[in-house]
Amino acid sequence: MSSSTSTTLNQNSELVHIFRGDSEMAVLMRAYSWDSHPLGHPQLWPESLKTNIRLILSSGFPMFIWWSQDLYMFHNDAYLPALGKKHPKALGASAREMWAEIWDQIGNITENILKHGESFNAENLQLFLDRKGFAEETYWTFSYSPIFDDTGNIAGIFCACYEETSSVLGQRRLKTLKDISDALAQVQTLDQLGTSASSILNENSNDIPFNMIYLCNSVGSEVALAGQAGYLASDLTPARVNLKQPQAAWPFAKILQSHESMVVDLPNLTADGTSVSSVSRAAVHPIFKPGESQIIGFFISGISDKQEYNRAYQGFYSLLTSQIATSIISVQSRQEILQRQEYLKEIFQQAPVGITLLRGSDYIVDIANPGVCEIWRVKQEDVMGKPILKVIPEAVEQGFKELLDQVMATGVPYVANEVPLVLERNKINETLYLNFVYHPLRDEQGFVTGIIAVAIDISEQVRARQEIESINKELLATNSDLDNFVYSASHDLKAPIHNIEGLVNALLEYIPGTMSSSGEVQELTSHIRNSINRFKKVVLDLTKVAKIQREAGEDVSKINLEEVITAVCFDFEPEIALSGATIETHLAPDASINFSAKNIRSIVYNLISNALKYKAPDRKPHITITTENTADFILLSVTDNGLGIKETDVDKMFSMFKRLHDHVEGSGIGLYIVKRIVENAGGKIEVESELNKGTTFRISLKK
């Protein structure tokens, strides 16, 4: 083996010994042409340098060494992200040249260490490193320490460092998110929201060099600028943008279609060549209605030229946009609530009833409309914000506090009708009658926090009803007297009629036969007997009326209407045959009612009798009888094709002794009796009639 070969092997062995390991930097250091470097071959290096190089290569923590007065660079793999594009040329290069962009910050520090051997520590120091093609904003925590050579002289700088950029940016952005969340929670209008949001965002101009917030109108056809901060040319800050114009300053129309954020390049010069901004790009974000795909606006944010627009940066903007969206909906919801409250207040103010809202266990008046103030006999300004039981203390002794306490304790509404309330005003007691409802008001957790009361002053109605009831009592007494009179008269008149009839018969016996057989006497005798018979019939009808009044509610049993109708029709068979009448029936099955047997027969008898009696002379009678079941009633209808009456005379049909057709016999009391029977039993009778066409009676009978 030649001496040169032996030397080469020794050198390679030395390189492996110094630059130990398989890391990227160890491999690069072993392959580096150190013979052409000012430091010369590593065999010639001081042991302290070799030792420190072995130290940094074996460490997983970012470390570097700047050696000699020229600060030649050595570093490990963990430090490579700090170098960025400076790798791999940074190895062996002078730190003064390689970090020229920050040397005004660290140059004096390194010189002081080389001269005086004083260490230097920094925490979260901001450095703008040109490692990715631009001056990137970064933050570092590091320690600079002197390195000594084998003779004990300061020969370089050792640094252990850690990049804090993501942490610092994250904390800064988190603060911005918190600040905007706190600030927007206080705003009441969308105009305030836009202005406040932009102002807060402008405090973090490092991440957000400028910003704009555009909000869509109600139909989504246009956006309006709601907030702006940071300087931009006027043509990039239009007050309004038509979303259907594709040539607008910002790509709103495209985002409406894609529903995705867009990054746009910004013009950096105005027309006269003046620089507008150092920011060259902006991100346009759609603001979605939370939980939906509806776009309600746009958030435009400048992208810092000193940061990489990476996932974390994009995520920050996404969170900001979401926060703005949430705040927009929150403000809109609050505005809607306020509008509804104002609307409800307006409704309450105009409501024709009394409405009040009582808050808390002291029943503080939050709302009192004019209606309730009128009931309380107070002015609105004298009651608002005060405990109602102190405004109207009379209510305490009358049990109203107990009612309020009950609703507060149980949460069960209380409904009252015609409750008297005595109020003392000007030393005069006034009694009101109220219908009211106490309804509990609950918070979001369901706890009862107050009561809403709705009251109606029905004093006039109650007094009117009381007056009517008094009048009705008098009328009932009068009706009772009349009924007693009818009953007495119907019985008292029977004897005189019989006496008259007996006297007439006795008189006729004394008349000689020749005279009694004469035509004049026979005609006169016939008139007298007819008059007596008619008088007897009237008395008989009066007796029936009296019996209806006195026997109402008696003799009630389960009656099958079909059986009654069939029996009555059988009784009228001779009249039906004589007149050629036809009777058509449509009877519901099980048409049964609880009724007096003789009274229901009287009703059916009178209606069929009238249909046959008042037949039209030019056509045969046709009578239709139907029954229909409802939930509470049975409807009985009797329709004929007889004479009928004028519409104006319908109400007269049920009057006592009223006859609308005089060509047939009758007392005019039958329909009066029918109506009294039906109404006494809680039913109703209706009639439709047309002259020369016929009549229909409809009777509703309770089951």
Side-chain angles (χ1 to χ4, degrees), residues 334 336-474:
R334 285 198 295 271
E336 289 175 2
I337 290 172
L338 290 174
Q339 289 172 355
R340 285 198 297 268
Q341 288 176 343
E342 291 300 319
Y343 179 66
L344 285 175
K345 285 183 180 179
E346 187 64 25
I347 291 177
F348 289 167
Q349 293 300 314
Q350 299 179 13
V353 298
I355 300 176
T356 182
L357 193 154
L358 308 175
R359 170 173 47 84
S361 58
D362 291 332
Y363 309 115
I364 306 298
V365 178
D366 274 354
I367 294 176
N369 75 339
V372 80
C373 291
E374 174 63 25
I375 291 173
W376 294 338
R377 304 297 192 259
V378 296
K379 294 180 180 179
Q380 198 170 30
E381 59 269 22
D382 294 338
V383 70
M384 294 299 296
K386 298 178 181 178
I388 184 57
L389 295 176
K390 290 186 178 179
V391 177
I392 47 174
E394 309 97 304
V396 177
E397 299 177 355
Q398 298 176 57
F400 286 86
K401 183 180 186 304
E402 286 78 4
L403 295 179
L404 291 169
D405 290 343
Q406 176 183 326
V407 175
M408 283 289 289
T410 65
V412 177
Y414 182 83
V415 181
N417 293 308
E418 293 191 14
V419 175
L421 171 62
V422 180
L423 296 177
E424 181 183 347
R425 297 293 181 265
N426 299 322
K427 297 183 179 181
I428 298 175
N429 286 337
E430 179 183 1
T431 301
L432 307 177
Y433 292 90
L434 306 175
N435 288 349
F436 64 86
V437 176
Y438 288 160
H439 199 284
L441 289 174
R442 300 179 184 272
D443 59 17
E444 295 178 353
Q445 287 75 38
F447 295 108
V448 178
T449 59
I451 293 174
I452 184 168
V454 180
I456 303 175
D457 185 352
I458 57 167
S459 301
E460 291 185 6
Q461 295 93 315
V462 170
R463 293 189 181 100
R465 193 195 70 242
Q466 290 172 342
E467 184 176 350
I468 291 172
E469 288 174 351
S470 177
I471 294 172
N472 283 340
K473 287 181 181 179
E474 295 178 5

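Note: hydrogens, waters and symmetry copies are ignored here, and every other heavy atom, side chains too, is used. Here the structure is a predicted model, which is why all the values come from computation and not from measurement.
- Distance check, rounded to the nearest 0.5 Å: OG1 of Thr410 to CG of Asp405 gives 10.5 Å.
- Between Phe436 and Ile375, the closest side-chain pair of non-hydrogen atoms is not below 4.5 Å.
- When each of Val437, Leu434, Val353 is checked for a side-chain contact (heavy atoms from CB on, under 4.5 Å) with Ile456, only Val353 meets the rule.
- In this structure Ala464 satisfies the side chain to side chain contact (heavy atoms under 4.5 Å, CB included) test with no other residue, sequence neighbours excluded.
- Listed by first and then second residue, the ring pair (Phe, Tyr, Trp, His ring centres under 6.0 Å) pairs that reach into residues 441-471 come to none, sequence neighbours excluded.
- For the atom pair Leu358 CG and Thr449 OG1, the distance stands at 11.0 Å (nearest 0.5 Å).
- Applying the salt bridge (charged side-chain N to carboxylate O under 4.0 Å, His left out) rule to pairs touching residues 350-366 yields Arg359-Asp366, sequence neighbours excluded.
- For the atom pair CD1 (Ile364) and CE (Met384), the distance works out to 11.0 Å, reported to the nearest 0.5 Å.
- The side-chain hydrogen bond (donor to acceptor under 3.5 Å, both in side chains) pairs that include a residue from residues 429-440 are Arg377-Glu430, where partners are two or more places apart or lie in different chains.
- Pairs passing the salt bridge (charged side-chain N to carboxylate O under 4.0 Å, His left out) check and including a residue from residues 434-461, sequence neighbours excluded, do not occur.
- Listed by chain and residue number, Glu418, Glu469 satisfy the salt bridge (charged side-chain N to carboxylate O under 4.0 Å, His left out) test with Arg465 (two or more places apart in sequence, or in another chain).
- To the nearest 0.5 angstrom, Leu357 atom CG is 5.0 Å from Leu441 atom CG.
- Distance check: Leu432 CG to Trp376 CH2 gives 13.0 Å after rounding to the nearest 0.5 Å.
- With sequence neighbours excluded, the residues satisfying side-chain hydrogen bond (donor to acceptor under 3.5 Å, both in side chains) with Gln380 are Gln349.
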Distance-only donor-acceptor pairs under 3.5 Å for side chains of residues 385-400, two or more places apart:
from	atom 1	to	atom 2	distance (Å)
Lys386	NZ	Asp382	O	3.1
Glu394	OE2	Glu424	N	2.9
Glu394	OE2	Arg425	NH1	2.8
Gln398	OE1	Val422	N	2.8
Gln398	NE2	Glu394	O	3.1
Gln398	NE2	Val422	O	2.7

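- Gly411 and Pro440 make their closest contact through O-CG, 3.2 Å (heavy atoms, listed as atom of the first residue, atom of the second, distance).
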